Number of protein chains: 2
Amino acid sequence: MAVTQQSSLFAVLRTASCLESRVEARLADIGLSLPKLAALQRLTQAGESLPLGQLAEKLACVKSNVTQLVDRLEADGLVARTADPNDGRSRIAVLTAAGRRAFARGIGIQRQAEQELFSVLTPDESDHLHRLLAKLDAH
Amino acid sequence: MAVTQQSSLFAVLRTASCLESRVEARLADIGLSLPKLAALQRLTQAGESLPLGQLAEKLACVKSNVTQLVDRLEADGLVARTADPNDGRSRIAVLTAAGRRAFARGIGIQRQAEQELFSVLTPDESDHLHRLLAKLDAH
DNA sequence: GCAGTATGATCCATGCCTGAACCAAATGGC
DNA sequence: GCCATTTGGTTCAGGCATGGATCATACTGC
């Protein structure tokens with residue numbers, strides 16, 4: 001008899017939160033979270049510093065979120081806020097030495113976890129998944 | 001040249017949050033959210049009422065979360081807390097008339113949104129997606 | 001029956017996210 | 001140069017999630 005197919009929407013959401021929490025669990029070992037790691041990554045990619053507004057853009061979130069995220073990262077000693085010489089309103093988040101180390105470790109953990117979690121898929125399947133997801137994202 | 005394949009992990013997470021926010025946006029029109037709708041659904045499925053602990057189990061979340069979620073639903077007038085005659089510790093969440101109406105409307109919106117969002121996939125693609133996601137979930 | 005333990009719910013602190021209100025600094029038109 | 005507007009950030013209120021502490025009630029062994 002036919003398999004009762006569960007909601008596609010919830011299938012995607014469940015898988016996502018499942019993957020997310022497994023990666024988060026590993027990152028927690030070094031005091032990082034996925035949002036924190038993402039912020040550190042953007043900063044690294046941008047050459048270690050970015051005005052908060054641009055960081056918000058790259059993280060595709062609202063500015064007030066970045067304010068708080070950087071607050072937490074600053075409390076952790078991973079980034080510091082500095083003044084923007086060209087614009088008195090702007091504040092620049094810059095990676096600290098500890099931030100660079102945390103990012104290096106975090107990105108390693110993330111890649112490792114990702115590889116393990118997705119090792120159940122063949123390269124072909126992985127490709128196919130990407131194509132399907134891209135279709136869903138479109139517009 | 002080869003396409004630089006983006007992280008599979010982030011591809012899944014991005015698609016999920018994208019789908020989620022589009023459904024949430026529609027639900028917001030009637031004052032619901034996905035977590036609230038999910039709670040109403042469990043209650044409906046269980047015959048309109050459930051002890052909070054069991055609701056937490058069905059929602060696969062922690063009890064303290066349900067306490068707050070039911071607080072909000074109660075404030076919205078969609079559920080009410082009643083005593084459990086068999087157990088003085090237990091509190092039972094029961095759907096109100098407004099809760100039944102909200103669930104009926106919400107589930108309609110959700111199904112409609114889901115259908116629209118997944119209409120970009122053929123039934124075959126949808127099947128395949130399910131299989132891939134199931135593989136990722138597996139243990 | 002009475003300790004001691006289990007359990008159901010809540011409370012509190014915290015993380016992450018949003019949108020609205022706000023403020024100070026920059027900018028553009030005149 | 002000055003005022004109105006725009007822009008960068010923060011603040012605040014609130015939603016949703018977690019884990020740990022707490023409390024009252026139930027249960028269990030004796």
Side-chain angles (χ1 to χ4, degrees), chain A residues 13-14 16-18 20-25 27-28 30-40 49-76 78-94, chain B residues 13-14 16-18 20-25 27-40 42 49-76 78-94:
Chain A
L13 299 189
R14 197 172 32 70
S17 87
C18 170
E20 189 180 1
S21 67
R22 287 198 257 174
V23 178
E24 287 263 12
L27 284 175
I30 61 163
L32 280 185
S33 62
L34 234 18
K36 283 180 179 176
L37 181 61
L40 296 181
S49 74
L50 270 178
L52 297 201
Q54 273 167 252
L55 183 53
E57 259 177 64
K58 290 185 195 285
L59 293 173
C61 73
V62 115
K63 285 180 302 171
S64 59
N65 191 24
V66 166
T67 296
Q68 298 176 99
L69 188 51
V70 169
D71 281 349
R72 291 188 292 269
L73 287 167
E74 209 169 15
D76 294 344
L78 305 182
V79 312
R81 269 184 251 243
T82 66
D84 184 335
N86 304 328
D87 188 337
R89 296 165 301 181
S90 176
R91 319 232 55 201
I92 298 182
V94 354
Chain B
L13 299 188
R14 197 172 31 71
S17 87
C18 171
E20 187 179 3
S21 67
R22 287 197 256 175
V23 178
E24 286 264 14
L27 284 175
D29 293 345
I30 61 164
L32 281 185
S33 63
L34 236 16
K36 284 180 179 175
L37 181 61
L40 297 180
R42 301 314 170 155
S49 74
L50 270 178
L52 295 203
Q54 273 169 250
L55 183 52
E57 258 178 65
K58 290 186 194 288
L59 292 174
C61 73
V62 114
K63 286 181 302 174
S64 59
N65 191 23
V66 165
T67 297
Q68 300 175 100
L69 188 51
V70 169
D71 281 350
R72 291 188 292 271
L73 288 167
E74 208 168 18
D76 294 345
L78 305 183
V79 313
R81 266 184 252 244
T82 65
D84 184 334
N86 304 328
D87 189 336
R89 297 165 299 181
S90 175
R91 319 232 54 203
I92 299 182
V94 356

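Side chains included, hydrogens not; waters and symmetry mates left out as well; all remaining heavy atoms used. No experiment lies behind these values; they were computed from the predicted model shown.
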K.L.:
Can you figure out which of C/dA25, D/dA26, D/dT18 approaches the side chain of B/Gln68 most closely?
P.N.:
D/dT18

K.L.:
Identify the nucleotide, in any strand shown, that forms a Watson-Crick or G-U wobble pair with C/dG8, with both distances under 3.5 Å; if there is none, say none.
P.N.:
D/dC23

K.L.:
In whole Å, what is the span from the NZ atom of B/Lys63 to the C1' atom of D/dG20?
P.N.:
12 Å

K.L.:
Looking at the base of D/dG9, is there any donor atom on it, or on the side chain of A/Ser64, that sits under 3.5 Å from an acceptor on the other one?
P.N.:
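There is none.
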
K.L.:
From C/dA9, D/dG9, C/dC17, pick the nucleotide closest to the side chain of A/Pro51?
P.N.:
D/dG9

K.L.:
Starting from C1' on C/dC17, measure out to CG on A/Leu69 and report it in whole angstrom.
P.N.:
10 Å

K.L.:
Between atom CG in B/Leu34 and atom C1' in C/dC17, what is the gap in whole Å?
P.N.:
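Atom-to-atom, B/Leu34 to C/dC17, this comes out as 15 Å.
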
K.L.:
What is the distance, to the nearest angstrom, from the CG atom on A/Asn65 to the P atom on D/dG15?
P.N.:
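Atom-to-atom, A/Asn65 to D/dG15, this comes out as 17 Å.
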
K.L.:
Measure CG/A/Asp87 against P/C/dA26 and give the value in whole Å, please.
P.N.:
5 Å

K.L.:
To the nearest 0.5 Å, how far apart are CG in B/Leu73 and CG in B/Leu78?
P.N.:
5.5 Å

K.L.:
Calculate the interatomic distance between A/Leu32 atom CG and C/dC16 atom P; express it in whole Å.
P.N.:
10 Å

K.L.:
Between C1' on D/dA17 and CG on B/Leu55, what's the gap in Å once rounded to a whole number?
P.N.:
15 Å

K.L.:
Provide, to the nearest angstrom, the distance between the CZ atom belonging to A/Arg89 and the C1' atom belonging to D/dT6.
P.N.:
8 Å

K.L.:
The side chain of B/Pro35 lies closest to which of these nucleotides: C/dT10, D/dA17, C/dT18?
P.N.:
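From the listed options, D/dA17 comes nearest.
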
